[in-house]
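Some notes on the structure that comes next.
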Amino acid sequence: MDNELIREQSWWKRNWKWFLPTFIIMLLLGFGLLLSSSVDGNVTDIAQAYADNSLYEKAIEKAIEKAKTNKRVLEVMGEIEPIDKLAILEGNAIYSNNHNSVELSVRVKGNKGKGKMDISAKKNGNEWEFKKINIRIKEPKEEIQIL
């Protein structure tokens with residue numbers, strides 16, 4: 001009689017073949033549900049803002065250019081660096097009026113400090129017209145109105 005112990009394989013080694021694909025499918029379904037849900041529309045609005053090249057190329061860049069001419073912004077934040085499209089994903093976007101109006105918040109960074117730029121704009125044809133542009137700064141706590 002052989003007295004060797006039979007070692008049972010770990011749970012992962014026995015079940016990885018069904019668990020891994022199931023986990024990936026569930027993750028993708030959850031992500032799809034999150035994007036398609038209308039819970040305040042925030043996730044879909046951010047995705048729409050990221051995909052809207054005219055918003056990034058025209059509206060945000062013009063708002064940054066306007067902020068660069070403001071004396072108070074230059075005093076507190078210094079020279080504002082150009083932002084990339086990922087700043088839209090890190091921020092907040094709320095569309096209204098059949099995607100012709102947007103309330104947008106993106107991060108901005110200067111050589112002296114950083115803050116958030118709040119933009120309210122309305123689309124007129126292919127151009128974005130600004131209703132307001134503000135920069136919020138934490139240190140010192142201040143809100144600078146640009147437009």
Practice task
Check whether any side-chain heavy atom of Trp16 lies under 4.5 Å from a side-chain heavy atom of Trp11, and answer yes or no.
Solution key: no
Handout entry: Atom pair CD1 (Ile144) and CD1 (Ile133), whose distance is rounded to the nearest 0.5 Å
Key = 13.0 Å
Practice task
Using distance alone, with no hydrogens and no angle criterion, decide if Asn15 and Trp18 have a side-chain donor and acceptor under 3.5 Å apart.
Solution key: yes
Exercise for the section: Flag the pair Lys114 / Val108 as yes when at least one side-chain heavy-atom distance between them is below 4.5 Å, and no otherwise. Expected result: no
Handout entry: Validation row: Met26, Thr22 side chains within 4.5 angstrom (heavy atoms)
Key = yes
Practice task
List in chain and number order the residues that pass salt bridge (Lys or Arg N to Asp or Glu O under 4.0 Å) with Arg136, two or more places apart in sequence or in another chain; answer none if no residue qualifies.
Solution key: Asp118
Handout entry: Beyond-backbone contact of Gln145 with Lys132, side-chain heavy atoms, under 4.5 angstrom
Key = no
Handout entry: Contacts of type side chain to side chain donor-acceptor pair (under 3.5 Å), residue Arg107, not counting sequence neighbours
Key = Asp84, Glu90
Practice task
For residues Met77 and Ile137, determine if any side-chain heavy atom of one lies less than 4.5 Å from a side-chain heavy atom of the other.
Solution key: yes
Problem - Check: Ile135 and Ile80 side chains under 4.5 Å, non-hydrogen atoms - result: yes
Exercise for the section: State, with a plain yes or no, whether a side-chain heavy atom of Phe130 is found less than 4.5 Å away from one of Lys66. Expected result: yes
Problem - Modelled atom types, side-chain donor and acceptor of Asn124 and Glu129, under 3.5 Å - result: yes
Problem - Val76 to Glu142 - nearest heavy-atom pair and separation - result: CG2-OE1, 3.9 Å
